[in-house]
Protein chains: 2
Amino acid sequence: MVGFLINSCTLLSKSKKRSWVQYPNLMDKNLKRLATMQRMQVTGLHLFYSKGYYNTSVDDVLKELSLSKGAFYYHFESKEDFFIQIIENLLVRKVYSMLIEPIEGHEHTLDLITGCFEDALETAVHNELDYGFILSNFINEFNGRNEKIMKHLNNILQVWEVNLVSAIQRGKFNGHIDRHVDAEGVAVFLMSAYMGVRTLMVEMTPSARKYRFMSQLRHYFKSLEAKTTMV
Amino acid sequence: MVGFLINSCTLLSKSKKRSWVQYPNLMDKNLKRLATMQRMQVTGLHLFYSKGYYNTSVDDVLKELSLSKGAFYYHFESKEDFFIQIIENLLVRKVYSMLIEPIEGHEHTLDLITGCFEDALETAVHNELDYGFILSNFINEFNGRNEKIMKHLNNILQVWEVNLVSAIQRGKFNGHIDRHVDAEGVAVFLMSAYMGVRTLMVEMTPSARKYRFMSQLRHYFKSLEAKTTMV
DNA sequence: TAAAAAACCGACCATTGGGTCTTTTAAGGA
DNA sequence: TCCTTAAAAGACCCAATGGTCGGTTTTTTA
């Protein structure tokens, strides 16, 4: 939370081309402004995720925060603009910290990915109200309906894909993964499997499905390991 | 088309507890009634799939058919009822004929599934306007928003799962699949992968992704085959 | 062929939702 | 203290939507 604000402030001061550091009160003002926007975005993301974008009205968000239309349209141009900012400010980071950053290490790649999926799915299992993989939910909702938003969502997908591919290539380089393995193919397969299982898990017995899924994933990973295993 | 009508007639005559065969005109009546309902449902499914349920109004469906509100609410109780009938009459059959029936044979199970996925994905690739796996789209849209509809959708999922499991067990029995393989696990993994790749394919380069996915699927399947392969 | 039933029409209603606009409040700065 | 301006309030607008209802047309039945 604090991290977000600091980060955003930095961005803003850059775009305004003068540093607020010189003006003591400007900081407070920006902080207040950003805090309000942040609150709206956090609530917005939560509601959009749980009820869907088209099924959530701006008033729904406002009601939750006891704010008015005026406040909303003072800070955001439109509902669409609001959502795009949510994507850029919150969704990107969420996906990054959950699925990308954890596999950036230099240890055994397949173990990293396994651990990453394990954690991500465990979070979903324990989340009382789980509505599936947030990114794929939105992709489903906007596909063919809003080109602009789809672009933003696909950017996230691409970043994920690129990182998976390079992680796998790293594994091949390190000798943990068989050098004949098609990194792009594995990445697509992994993304598919993850997105799919998250949808499957929204239903009953998510933890059983998680267990079965993970065990098959490990099985699949074994078949990707370098044959001449040392260590 | 004809198949649907005949089938529906059978169901109706059962529920009304008297056979229309004795009353020559009753058949025509039911046929007309059912034909109209069928037209509405087919159009409805198409629109709901492409624009989403909540984002498609009843009027949208009616406009397409030049029918009126009166006609609609004469045949269906509500929009929700309409959709449930669409699920039961069209969606169930669609999933069945695409994903279940093709793997019911007695040949090499993994080949059957491979071919089935291959065909299903190929259809998606060639479909100019593809919006993803229809079943998982609806699951995403209704999850946490409409318990009643979710039940119907999950029924379909379950049928799919059961059939996959028994197909795999058949494969184990026939000696094509390693007897240590966890059939339930494989089923969950396959369903996940399929649902996920369909979402991934809604974006650019669906055919490349299909190719990569299928090749990894084959790779995975190889690791499930019985070690003592004869033939 | 006339009555009855089925199928359908379309005006109407209440509510909602995105967005606008004018007005009020509150917090610096001089 | 006065003035400016950011922030927020909330009444209002208008199109869309699910659903109702009284009436009209078409088909079936007797």
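Naming convention: chains lettered A, B, ... in sequence-line order (proteins, then strands); numbering from 1 in each chain.
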Please report the distance, rounded to the nearest Å, between OH in A/Tyr54 and P in D/dT17.
13 Å

Rounding to an integer number of Å, can you tell me how far B/Arg33 CZ sits from D/dT27 C1'?
14 Å

Please work out which of the three classes, parallel, tilted or perpendicular, describes the rings of A/Tyr194 and A/Phe117, given edges at 30° and 60°.
tilted

C/dA7 phosphate, OP1 or OP2: any side-chain N/O from B/Thr36 under 4.0 angstrom?
no

Contacts under 3.5 angstrom, residues 202-215 of chain A side chains, donor-acceptor by atom type, not counting sequence neighbours:
from: A/Glu203; atom 1: OE1; to: B/Asn154; atom 2: ND2; distance (Å): 3.3
from: A/Glu203; atom 1: OE2; to: B/Asn154; atom 2: ND2; distance (Å): 3.3
from: A/Arg209; atom 1: NH1; to: A/Leu200; atom 2: O; distance (Å): 3.1
from: A/Arg209; atom 1: NH2; to: B/Glu161; atom 2: OE1; distance (Å): 2.7
from: A/Lys210; atom 1: NZ; to: A/Glu118; atom 2: OE2; distance (Å): 2.6
from: A/Lys210; atom 1: NZ; to: A/Glu122; atom 2: OE1; distance (Å): 2.4

Side-chain donor-acceptor pair present, A/Asn163, A/Tyr96, cut-off under 3.5 Å
no

Tell me: CZ of B/Arg39 to P of C/dA7, nearest whole Å?
14 Å

Between C/dG19, D/dA8, D/dG18, which nucleotide gets closest to the side-chain atoms of A/Ser78?
C/dG19

Between B/His75 and C/dA6, is there a side-chain N or O to OP1/OP2 distance below 4.0 Å?
no

Does anything in residues 58-74 of chain B reach DNA chain D, meaning a heavy atom under 4.0 Å, and if so which residues?
B/Val58, B/Lys69, B/Tyr73

Any luck finding a side-chain donor-acceptor pair between B/Asp81 and B/Ser78 under 3.5 Å?
no

To the nearest Å, give me how far apart CZ (A/Phe82) and P (C/dG17) are.
15 Å

Strictly by salt bridge (charged side-chain N to carboxylate O under 4.0 Å, His left out), give each pair with a member in residues 64-77 of chain B just once, sequence neighbours left out.
B/Asp59-B/Lys69

Using atom CZ of B/Phe76 as one end and atom P of D/dT20 as the other, report the distance to the nearest whole Å.
15 Å

Is it true that, when you exclude B/Lys94 itself, more than 12 heavy atoms of the residues, nucleotides or ligands shown sit nearer than 6.0 Å to its NZ?
no

Mind calculating the distance between CE (B/Met40) and P (C/dC8) to the nearest angstrom?
6 Å

